[in-house]
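See structure below.
The sequence lines fix the lettering, A, B, ..., with proteins before strands; numbering per chain opens at 1. As the structure is a computational prediction, the values presented were derived from the model and not from experiment.
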Protein chains: 2
Amino acid sequence: MKKNYEKNMENKKQLIANSILFAGISPDQLAELADISHVKTYGRGESVFFEGDAADGFYKVIEGKVKIFKLSMEGREQILHIFGKGEPFGEVAVFQGRPFPANATVLGKGKLLFFPGPEFIRLVHANPSIALNMLAMFSMRLRRFATQIEHLSLKEVPGRLASHLLYLSEEQRNRDQVTLDIPKGQLASLLGTSPETLSRIFTKMNEEGIIRLQGKVISLLDRERLEAF
Amino acid sequence: MKKNYEKNMENKKQLIANSILFAGISPDQLAELADISHVKTYGRGESVFFEGDAADGFYKVIEGKVKIFKLSMEGREQILHIFGKGEPFGEVAVFQGRPFPANATVLGKGKLLFFPGPEFIRLVHANPSIALNMLAMFSMRLRRFATQIEHLSLKEVPGRLASHLLYLSEEQRNRDQVTLDIPKGQLASLLGTSPETLSRIFTKMNEEGIIRLQGKVISLLDRERLEAF
DNA sequence: AACCTTCCTTGACCTGAATCAAGTTTTCAT
DNA sequence: ATGAAAACTTGATTCAGGTCAAGGAAGGTT
């Protein structure tokens with residue numbers, strides 16, 4: 001029915017306007033974007049795209065989380081990035097007009113908004129403020145990647161975990177306690193290690209009184225020592 | 001003398017116009033840029049900036065090479081990027097208005113062109129084509145970082161070296177032979193390993209007939225096996 | 001609630017690569 | 001050209017962490 005359709009459009013407009021990328025867009029362009037974008041729903045662990053796929057458009061997370069990752073020939077996985085609610089992904093490939101450089105898969109279930117590429121490219125070229133928004137976003141990601149490279153190369157696994165916990169503490173604005181927002185196995189893949197090693201380190205930190213493990217909730221008992229890793 | 005000054009200005013204009021970043025700039029802006037920029041000369045291994053320094057401007061390589069790197073607490077070094085002739089660096093920090101996230105040092109001697117930050121920022125905001133140029137550049141770097149993360153985490157050192165040799169072969173447009181453009185120790189730091197390990201792997205590949213080592217020149221005898229790493 | 005599946009933990013073992021040490025070669029500056 | 005310094009190689013040793021294996025906990029589904 002028509003009512004439903006219009007409600008849906010309003011919804012999409014909300015989702016689009018409420019993003020770093022499209023902040024400051026004109027009503028016309030907003031309507032156009034809402035018109036060409038569409039919602040896709042994904043079952044648990046379903047793939048969004050694969051490395052090498054043509055980048056015919058990019059996505060924005062509405063519900064759930066999406067991991068961007070690379071696979072080794074032996075099947076080991078390295079997560080490059082995990083995108084949460086509201087975050088766009090895949091724009092780099094679209095902007096470059098090149099295939100996706102990595103795989104994307106939903107963690108758990110998810111709902112995404114899809115934007116066809118050509119229209120987006122036109123928009124970026126026509127609208128300098130979008131280009132500037134993208135620059136800001138890309139800059140952030142370059143920084144994040146730089147730290148990831150630093151950690152992978154210069155820190156051992158305990159240090160990487162410590163950094164991540166402190167990062168979560170910052171993000172969740174809680175100095176005493178953090179909640180893991182992804183399964184431990186996925187965290188291992190994000191930190192560039194195996195689930196076994198990660199588990200051992202959790203246990204060790206727990207025994208040494210640096211943290212207190214309670215399932216997905218982790219109390220940071222000794223920030224001093226966490227920062228020293 | 002005045003003659004010299006004007007010749008210098010023309011020189012700078014040349015250097016600026018001849019860059020991906022400022023392609024398509026107006027003559028006025030070019031003149032302005034040439035006016036505010038200035039050349040800096042560096043002795044062998046001299047630092048350009050340190051991690052944490054305020055990013056008061058960015059640079060473009062005129063002569064030599066510049067390495068961007070992180071240091072671990074124990075003093076180990078991981079090179080994030082090496083910039084060669086013509087390439088700009090430091091714009092991310094300037095654009096973000098945040099401190100430099102890593103150190104920059106000249107490899108050998110070098111000559112750089114320095115652009116003060118505020119003027120550059122104004123230019124980016126005023127000139128959409130520069131913003132688009134930057135987007136293209138940042139996109140490339142994001143891709144490179146992604147591969148670097150992939151290699152560090154999913155490949156062992158021989159594989160990383162193999163990839164690098166093939167990359168050089170591509171870059172130098174020579175399928176049979178590549179020339180190392182940086183010292184082996186620096187290459188080790190770029191690949192995230194120690195000089196000792198790198199040396200051993202070179203020797204091994206040489207013995208196994210995969211490559212032939214002749215100082216800085218390396219013949220790729222068996223691309224098949226290099227690609228299989 | 002009971003099932004099945006997925007996720008997590010712990011143990012035993014093994015290997016890639018870092019580190020320390022010492023010698024050799026190359027490169028640079030005078 | 002020549003000595004000093006830096007860069008590279010090779011050997012011996014150590015260890016972080018990956019892999020294989022198997023048991024235990026948790027979570028979603030009927």
Touch class at under 4.0 angstrom, heavy-atom based, for Gly192(B) against every strand present: sugar-phosphate
Gap between atoms CG and P, on Leu213(B) and dC8(D) respectively (whole Å): 12 Å
Rounded to the Å, how far apart are Leu180(B) CG and dT26(C) C1'? 15 Å
On DNA chain D, nearest-nucleotide positions of Arg44(A) versus Arg76(A): which is more 5'? Arg76(A)
Whole-Å distance separating the CG atom of Leu152(B) from the P atom of dA17(C): 12 Å
Of the listed nucleotides dT10(C), dA17(C), dA29(C), the one nearest the side chain of Thr197(B): dA17(C)
Using only side-chain N and O atoms of Ser194(A), determine if any of them is under 4.0 Å from OP1 or OP2 of dG18(D). yes
Pairwise side-chain contact, Asp176(A) with Leu220(A), heavy-atom cut-off 4.5 Å (strictly under): no
Could you pull out the closest heavy-atom pair between Asn206(A) and Ile211(A), with the gap in Å? OD1-O, 3.3 Å
Mind calculating the distance between CG (Asn206(A)) and P (dT9(C)) to the nearest angstrom? 10 Å
First encountered from the 5' end of DNA chain C, between Lys109(B) and Arg160(B): Arg160(B)
Separation of dT10(D) atom P from Phe202(B) atom CZ, nearest Å, is 12 Å
Spell out yes or no: do the side chain of Glu196(B) and the base of dC8(D) have one donor N/O and one acceptor N/O closer than 3.5 Å? no
In whole Å, I'd like the distance from the CD atom of Gln78(A) to the P atom of dG18(D). 11 Å
Polar pair under 3.5 Å, donor/acceptor by atom type, side chain Arg200(B), base dG16(C): no
Given atom CG of Leu198(B) and atom C1' of dT9(D), what is their separation to the nearest angstrom? 11 Å
Whole-Å gap separating P (dT15(C)) and CD (Glu74(A)): 16 Å
Are any side-chain N or O atoms of Ser169(A) and backbone N or O atoms of Asn174(A), one a donor and one an acceptor, separated by less than 3.5 Å? yes
Distance under 6.0 Å and angle within 45° of the ring axis: does Lys184(A) meet both against Phe202(A)? yes
Below 3.5 Å is the cut-off: list the nitrogen or oxygen pairs between protein and nucleotides 6-8 of chain C, distance only.
unit_1, atom_1, unit_2, atom_2, d
dC8(C), OP1, Lys184(A), N, 2.6
dC8(C), OP2, Gly185(A), N, 2.8

Evaluation steps, side-chain hydrogen bond (donor to acceptor under 3.5 Å, both in side chains), between Glu77(A) and Ser189(A): CA-CA 6 Å; Glu77(A) 172 189 294; Ser189(A) 166; 2.9 Å; yes
Is a side-chain donor-acceptor pair under 3.5 Å present for Gln177(A) with Arg212(A)? no
Does dT10(D) have OP1 or OP2 sitting under 4.0 Å from an N or O in the side chain of Thr203(B)? yes
What residue among Tyr59(A), Phe58(A), Phe89(A) forms ring-ring contact (aromatic ring centres under 6.0 Å, His included) with Phe115(A)? Phe58(A)
